Amino acid sequence: MSLHLFNTLTRQVEPFAPLEPPRVTMYTCGPTVWNFAHIGNFRTFLFEDLLRRHLEWSGYDVFHIMNLTDVDDRVIKAAAAAGKRLAELTEPFVRAFFEDRDFLRIKPAHVYPRATQYMTAMITLVQRLLERGVAYRGEDGSVYLAIAKFPGYGRLSQLDRRQLKVGARVASDEYAKDDPRDFALWKKTDAVDEQVGAAWDAPFGRGRPGWHLECSAMSLAEIGERFGVQTLDLHCGAIDLIFPHHENEIAQSEAATGQPFARTWLHGAFLNVKGTKMSKRYGNFLTARDLQEQGVDAGTFRTLVYQTHYRQPLDYTDEALDAARKGSLRLGEFRERLENEDGRRRTGADAGDRLGDLARQLEADVRAALDDDLDSPNALARVFDFVRAANGELDRGAGGSGVAAALAVFDRVMGLFAVLPGGRQVAPELERWVHERLAARDRARKSKDFKEADRIRDELKARGVEIEDTPAGTRWRVV
RNA sequence: GGCGCCGUAGCCAAGUGGUAAGGCGGAGGUCUGCAAAACCUCUAUUCGUCGGUUCGAUUCCGACCGGCGCCUCCA
C-alpha cells in the first residue's frame with residue numbers, strides 16, 4: 001500500500017499523489033510569535049514532523065514551508081502593551097520558538113517566511129484580487145474579499161451547509177462589508193498600528209495585512225519562485241484552522257490564481273487538558289520550556305504524542321506522560337542493548353538470522369502503519385512487538401550478523417519518531433565518583449560482602465544513579 | 001441554532017462486518033548473591049445506552065445519554 005491520507009477537502013482517506021513527484025510541497029501553519037508556543041501547538045508541529053519524516057523516508061523530496069506570523073491583532077496588542085515596536089516584541093519569541101523546536105527534535109522547515117518580510121507579495125495579491133473584482137474597498141478603508149464572488153467558498157468547512165449563529169457577533173467593521181461573511185484582506189491602519197510599526201503603504205491605502213493573507217501570499221511566492229507552480233501538495237494545521245482561516249486562504253488564493261490552492265488538507269486534533277483544548281485563553285497551557293523544567297525530555301513527549309493518532313484528541317495528564325516516559329525508556333534500553341551486543345561482536349549462532357528477519361518485518365510493518373493515514377500508535381505498537389521479540393532472541397543467545405542488521409533497522413525506524421530518551425549530560429566529577437564507587441562495590445561483591453555492595457548501591461541511588469549488573473559489567477545511568 | 005468530532009480494560013490508546021493491537025499499571029514465574037533489566041504466563045465474553053440492517057456489528061444505520069471543537073483570536 002502506498003501512502004494514504006485523510007483529506008479534509010473530501011473527508012476521505014485517499015491515495016497521496018503529489019503534483020510533480022518526487023517533489024512534495026508542504027506548507028504548515030506556524031506560530032504567532034507574540035508569546036511562547038504551548039505544547040498544544042507543538043502537538044500539531046509534531047504531527048507535521050512525522051508526516052515530513054515519513055514522506056522523506058518514502059523517497060519524496062519534500063520542500064517544507066512554515067510561516068511565522070509576526071503581525072496580527074495579538075502581536076500588535078502585545079507590542080502596544082509592552083511599549084515596543086513589532087520586531088522588538090517578536091524577535092525573542094522567534095528565537096524561543098526555534099529553541100523549543102530543537103529541544104523537541106522537530107526537523108527545521110526549509111524556510112520560515114515572516115509576514116512582515118512579504119509585504120510586497122501580499123500587496124500584490126490584494127491588488128490582483130481588486131483587479132479581478134473579487135475584492136472591494138469597504139467604507140472604512142479596509143479591503144475585503146467578497147465571498148459571493150467566489151463560488152467555491154465553504155467547501156473545506158462545509159459552510160455551504162451551515163448557517164451563522166443567530167446574533168453570534170456583530171463586529172465593528174460589519175457595517176463596512178457588503179456581506180457579513182466577507183473577510184478583511186487588508187486592514188486600514190489605526191493609531192496603535194502606527195505606534196508599534198504595523199503599517200505599510202499600499203495603492204489601496206495604508207494598512208496591514210489581514211490574518212489569512214500571509215499564508216496565501218507567502219506559500220504562493222515560495223513555490224511559485226522555486227517551482228513555478230501555484231498549488232501546494234500539502235497544507236497542514238490544527239482543526240481550529242479549518243474555518244475560517246483555511247477556508248479564507250483558499251478563497252483568496254484561488255480567486256487570484258485560478259488554480260487549486262492545495263491538493264490535500266490535513267488537520268490535527270487538539271491536545272486537551274481535562275477534556276478542554278489547551279489554550280492561552282483558558283490559561284491551561286504548558287510551554288516546551290515548562291516541560292524542560294519538569295525534566296520531561298523530548299523522547300517522552302514525542303512518545304506521548306505519537307501514541308495517539310493525529311486526528312484523535314489527546315488528553316494530557318501526568319499519568320499518561322509517565323507511561324510515555326517508561327515506554328521511551330524501554331526503547332532506549334533496547335537500543336543500548338543492541339549496541340552493546342553488536343560491540344561485543346557476538347559469535348553466537350545466527351539462528352537463521354532471526355533478528356534480521358524480525359527487523360525486516362518491523363520495517364515493513366511500520367511503513368504499512370504510517371502509510372495508513374499516519375497511524376503512529378499502530379506503528380509504535382509494532383515497534384514494541386519487535387523489541388519484545390528481539391529481546392527474547394537476545395536472551396536466548398542470538399547474535400551474529402542479525403544484531404547489526406537489527407540495529408541498523410531500529411535506528412532507521414527511530415529516525416521517524418525520534419522517541420528515544422535524550423542523553424543526559426553528566427558532570428565529569430560525578431562520573432569519576434560513580435566509577436570509584438562502582439569499583440569499590442565490585443571489590444565488595446568479589447569478596448562476597450554483599451552488605452557493603454548493597455550499601456554502595458543505596459549510596460549511588462541517593463544521588464540519582466541507578467545501576468544494573470550485567471554479564472558485561474555494571475551499567476549505570478542518572479535518573 | 002448550523003457544521004463537525006469523541007465515548008474501547010485500573011489509566012493511555014489502535015483496530016476490523018466474522019468475533020478485541022500496543023504502552024503504563026497489577027498478579028505469578030524464569031534469570032540474579034540481592035536488585036535492576038529482560039523474558040514467559042495471566043489481567044476487556046467485551047467495545048456509552050437502546051433499537052434496526054445482517055447468517056454475524058465494537059465496526060453500518062437511527063435515536064438517546066455524556067464530553068468536546070468550530071462558527072470570535074486560535075495549532
Side-chain angles (χ1 to χ4, degrees), chain A residues 8 11 28-32 34 37-48 69 72-74 77 154 157-171 181 211 236-245 247 267-272 274-281 303-304 307-309 311-331 333-334 336-337 369 372 375-385 387-396 445 448-451 453-454 457-458 461 466-471 474-476:
Chain A
T8 307
R11 311 271 161 164
T28 57
C29 281
T32 300
W34 67 290
H38 60 64
I39 61 174
N41 302 132
F42 280 112
R43 181 197 180 187
T44 299
F45 302 148
L46 242 32
F47 129 61
E48 294 158 350
T69 301
D72 86 328
D73 292 357
R74 284 177 302 170
K77 203 172 153 193
S157 56
Q158 308 191 340
L159 187 70
D160 45 329
R161 286 168 35 201
R162 58 204 271 173
Q163 298 161 205
L164 280 175
K165 185 175 179 177
V166 178
R169 158 184 174 269
V170 180
R181 292 179 305 167
W211 172 35
C236 316
I239 47 171
D240 52 353
L241 296 186
I242 295 174
F243 188 87
H245 189 50
E247 194 68 71
H267 293 95
F270 294 132
L271 181 132
N272 295 152
K274 295 186 173 76
T276 303
K277 79 188 266 200
M278 178 171 283
S279 164
K280 293 266 170 53
R281 176 172 51 170
T303 302
L304 176 72
Q307 278 189 314
T308 300
H309 186 89
R311 286 194 285 115
Q312 295 293 328
L314 162 53
D315 207 56
Y316 186 84
T317 63
D318 289 341
E319 294 70 31
L321 190 69
D322 198 51
R325 199 187 99 252
K326 299 261 179 55
S328 165
L329 240 32
R330 177 168 157 80
L331 298 177
E333 291 280 316
F334 174 73
E336 212 171 306
R337 182 177 189 189
D372 183 13
D375 191 350
S376 58
N378 202 186
L380 284 177
R382 301 290 72 80
V383 171
F384 282 105
D385 282 343
V387 168
R388 191 183 340 93
N391 265 324
E393 291 297 330
L394 255 15
D395 280 357
R396 276 172 250 124
R445 289 177 73 209
K448 304 272 190 230
D449 184 358
F450 294 121
K451 226 180 129 184
D454 290 348
R457 180 163 56 204
D458 290 343
K461 183 78 196 257
E466 281 186 355
I467 61 172
E468 186 182 328
D469 295 322
T470 77
T474 302
R475 290 173 45 205
W476 63 279

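Since this is a predicted model, take the numbers as computed values, not measurements. Reminder, nothing fancy here: chain letters follow the sequence lines and each chain counts from 1.
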Whole-Å P distance, B:C73 and B:G66: 31 Å
Interatomic distance, A:L321 CG vs B:G25 C1' [rounded to whole Å]: 15 Å
Whole angstrom value for the distance that separates P of B:G15 from CZ of A:R382: 11 Å
Pairing partner (Watson-Crick or G-U wobble, both distances under 3.5 angstrom) of B:U19: none
A:F450 ring over B:G33 six-membered base ring, under 5.5 Å and 30°: yes
Within-4.5 Å side-chain heavy-atom neighbours: A:T28 and A:F45: no
Sugar-phosphate, base or nothing in reach of A:K326, heavy atoms under 4.0 Å: sugar-phosphate
Touch class at under 4.0 angstrom, heavy-atom based, for A:L304 against every strand present: nothing
Nearest-Å distance once atom C1' is located in both B:U30 and B:A37: 13 Å
Atom-to-atom span, CZ of A:R311 to P of B:G4 - whole angstrom: 15 Å
Donor-acceptor pair under 3.5 Å, A:D315 side chain vs B:C12 base: no
Test item: A:T32 side-chain N/O and A:W34 main-chain N/O as donor-acceptor pair under 3.5 Å: no
Sugar-phosphate, base or nothing in reach of A:T308, heavy atoms under 4.0 Å: sugar-phosphate
Base partner of B:C34, which must satisfy Watson-Crick or wobble distances under 3.5 Å: none
Sugar-phosphate only, base, or nothing, as touched by A:F270 at under 4.0 Å among non-hydrogen atoms: base
Ion pair check, A:R382 and A:D375, cut-off under 4.0 Å: no
Assigned partner base of B:U41, Watson-Crick or wobble definition, under 3.5 Å: B:A27
Pairwise P distance for B:U19 and B:C47, with rounding to whole Å: 16 Å
CD-CZ distance between A:Q158 and A:F243, expressed to the nearest 0.5 angstrom: 12.5 Å
Donor/acceptor link under 3.5 angstrom from A:D454 side chain onto base of B:G33: yes
Sugar-phosphate, base or nothing in reach of A:G268, heavy atoms under 4.0 Å: nothing
Between SG on residue A:C29 and CD on residue A:E48, distance to nearest 0.5 Å: 8.0 Å
Sugar-phosphate only, base, or nothing, as touched by A:I242 at under 4.0 Å among non-hydrogen atoms: nothing
Nearest-angstrom distance from the residue atom CE of A:M278 to C1' of B:C68: 15 Å
Integer angstrom distance from the P of B:U49 to that of B:A57: 15 Å
A:K277 NZ - B:A75 P separation (whole Å): 8 Å
Nearest-angstrom distance, C1' atom, B:G51 to B:A14: 28 Å
B:A75 base / A:R43 side chain donor-acceptor hit below 3.5 Å: no
Residue whose nearest RNA chain B nucleotide is more 5′ - A:L314 or A:R457: A:L314
Spatial distance of atom OG1 (A:T303) from atom CZ (A:R325) [nearest 0.5 Å]: 11.5 Å
Nearest-Å distance for atom pair CZ/P, residues A:R445 and B:C34: 11 Å
Sugar-phosphate, base or nothing in reach of A:D375, heavy atoms under 4.0 Å: sugar-phosphate
Min side-chain heavy-atom separation A:E333-A:R475 under 4.5 Å: yes
Sugar-phosphate only, base, or nothing, as touched by A:T32 at under 4.0 Å among non-hydrogen atoms: sugar-phosphate
B:C70 versus B:A75 - spacing of their P atoms, nearest Å: 12 Å
Nearest-angstrom distance, P atom, B:G28 to B:G52: 46 Å
Test item: A:F384 and A:R330 side chains (from C-beta on) under 4.5 Å apart, heavy atoms: yes
Short side-chain N/O contact from A:K461 to OP1 or OP2 of B:A35, under 4.0 Å: no
Any A:L331 side-chain heavy atom under 4.5 Å of A:V383 side chain: yes
Identified pairing partner of B:A57, criterion: Watson-Crick or G-U wobble below 3.5 Å: none
Euclidean distance for P, B:G22 against B:C61 (whole angstrom): 28 Å
Protein-to-nucleotide contact annotation, 5' to 3' order, nucleotides 37-42 of chain B [B base; S sugar-phosphate only; - none; under 4.0 Å, heavy atom]: SSSS--
Sugar-phosphate, base or nothing in reach of A:H267, heavy atoms under 4.0 Å: nothing
Touch class at under 4.0 angstrom, heavy-atom based, for A:Q312 against every strand present: sugar-phosphate
Touch class at under 4.0 angstrom, heavy-atom based, for A:N272 against every strand present: nothing
Any A:S376 side-chain N or O less than 4.0 Å from OP1/OP2 of B:A14: no
For B:G4, the Watson-Crick or wobble partner whose two distances fall under 3.5 Å: B:C68
Carboxylate-amine/guanidinium contact A:D458 A:K461, below 4.0 Å: no
A:Q158 side chain near B:G4 phosphate (N/O to OP1/OP2, under 4.0 Å): yes
